Amino acid sequence: MKPSGRIYIAGHRGLVGSAIHRELTRLGYTNLITRTRAELDLLDTAAVNQFFASEKPQHVVLAAAKVGGILANNDYPADFIRDNLILQTNIIEASYRNQIDRLLFLGSSCIYPKLAPQPMPESSLLTGPLEPTNRPYALAKIAGIEMCWSYNRQYGTHYLAAMPTNLYGPNDNFDLNTSHVLPALIRKTADAIKAGKQELTVWGTGNPRRELLYSDDLAAACVFLLNLDEARYNSLLIADAPPLINIGTGEDVTIRELAETVAHVLGFQGSLVFDTTKPDGTPRKLMDVARLHSLGWHHTTSLEQGIALTWKAVRATF
Ligand SMILES: NC(=O)c1ccc[n+]([C@@H]2O[C@H](COP(=O)([O-])OP(=O)(O)OC[C@H]3O[C@@H](n4cnc5c(N)ncnc54)[C@H](OP(=O)(O)O)[C@@H]3O)[C@@H](O)[C@H]2O)c1
């Protein structure tokens with residue numbers, strides 16, 4: 001992508017989209033195209049078509065999605081499958097009609113089967129049943145991958161689907177009712193410090209293992225992929241396998257280690273108590289990132305550094 005290239009970032013205010021926007025700005029890209037939901041509702045097919053026809057982006061990052069935690073996915077399954085199918089179809093189709101060559105479609109590790117081998121390789125897609133709680137969301141994402149693959153085969157486009165592991169960073173959701181494990185730990189630890197508590201309760205045994213990637217590292221990986229030379233980029237788009245690549249660190253930590261790192265970074269002096277009456281969830285979720293590593297990309301932000309950067313960015317709002 002040339003620094004003057006017209007790059008549309010769908011979902012530029014979200015955790016992922018905002019990190020990609022920051023990274024492209026940092027690298028000197030000057031023609032970034034963005035629209036808030038109020039300016040362009042991506043569920044509105046006619047509006048999306050009109051937007052593409054008038055703005056004529058050259059590259060597209062599809063980081064807009066209806067995203068939520070277990071509760072939201074459970075309560076609104078129809079919204080999750082419908083909105084994601086419509087939104088991604090609108091953008092993929094408009095991209096094709098407007099001769100967009102490279103499009104990066106963001107999904108997540110929930111596309112892989114619940115009992116996929118650990119670490120999970122790209123080849124485990126559609127090899128077993130999905131985790132039921134977010135199946136509608138995951139199936140919409142799988143349909144998006146299949147669309148990228150189908151458009152590539154039929155229309156000769158170069159659409160790539162990137163599946164990040166669990167992400168965290170400054171624009172994360174820190175609401176205890178709906179947040180993921182790391183922002184929830186940051187919120188709980190900050191609250192415990194504020195209240196002068198000597199004990200901090202963490203759900204579960206602390207034994208499950210999780211992989212976490214700092215959002216700026218994800219953004220760097222996305223830009224790296226979009227900027228790959230033709231030979232390496234096209235090596236990801238072979239005809240007989242989906243155009244799919246995992247993005248992660250390839251390393252995981254226990255929830256206990258995660259809680260201890262958060263406590264250390266935020267300066268919590270008390271002790272951690274593990275409430276074993278609460279469920280643990282999946283024992284392990286780790287991406288196989290051999291494909292990404294073989295292209296030459298590795299993450300650079302350690303977990304401790306990433307938590308410190310996140311805390312620095314959000315502490316004033318707590
Ligand atoms: N967060 C993670 O840990 C994680 C991990 C792996 C993969 N991912 C993937 O990355 C992608 C983005 O996730 P995220 O965490 O960045 O989500 P997010 O923070 O909720 O951001 C999603 C963005 O999409 C926009 N959007 C949703 N519906 C829209 C609509 N109808 N019209 C216009 N804009 C709309 C939202 O706009 P508003 O701000 O106006 O709502 C928001 O800016 C998803 O595909 C997700 O699966 C995320």
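For ligands, and for the atoms within them, numbers begin at 1 and follow the listed sequence. All of these numbers come straight from a predicted model, not from anything done at the bench.
- Classified by interplanar angle (parallel below 30°, tilted 30° to 60°, perpendicular above 60°), the ring pair Tyr155/Tyr96 is parallel.
- Checked against the 6.0 Å centroid criterion, the rings of Tyr8 and Phe52 qualify as a close aromatic pair.
- Protein residues with any heavy atom under 4.0 Å from ligand 1: Gly11, Arg13, Gly14, Leu15, Val16, Arg37, Leu40, Asp41, Leu42, Leu43, Ala63, Ala64, Ala65, Val67, Leu87, Leu106, Gly107, Ser108, Tyr137, Lys141, Pro164, Thr165, Leu167.
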Less than 3.5 Å apart, which donor and acceptor atoms pair up between the side chains of residues 293-300 and the rest of the protein, not counting sequence neighbours?
from, atom 1, to, atom 2, distance (Å)
Ser294, OG, Arg291, O, 2.7
Thr300, OG1, Asp217, OD1, 3.4

Side-chain donor-acceptor pairs of residues 55-62 under 3.5 Å, sequence neighbours excluded:
from, atom 1, to, atom 2, distance (Å)
Glu55, OE1, Arg6, NH2, 2.9
Glu55, OE2, Arg35, NH2, 2.8
Lys56, NZ, Ala53, O, 2.8
Gln58, OE1, Arg6, N, 2.6

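- When each of Asp191, Thr189, Val262 is checked for a side-chain contact (heavy atoms from CB on, under 4.5 Å) with Leu200, only Thr189 meets the rule.
- Scored by the salt bridge (charged side-chain N to carboxylate O under 4.0 Å, His left out) test, Asp280 finds no partners at all (sequence neighbours excluded).
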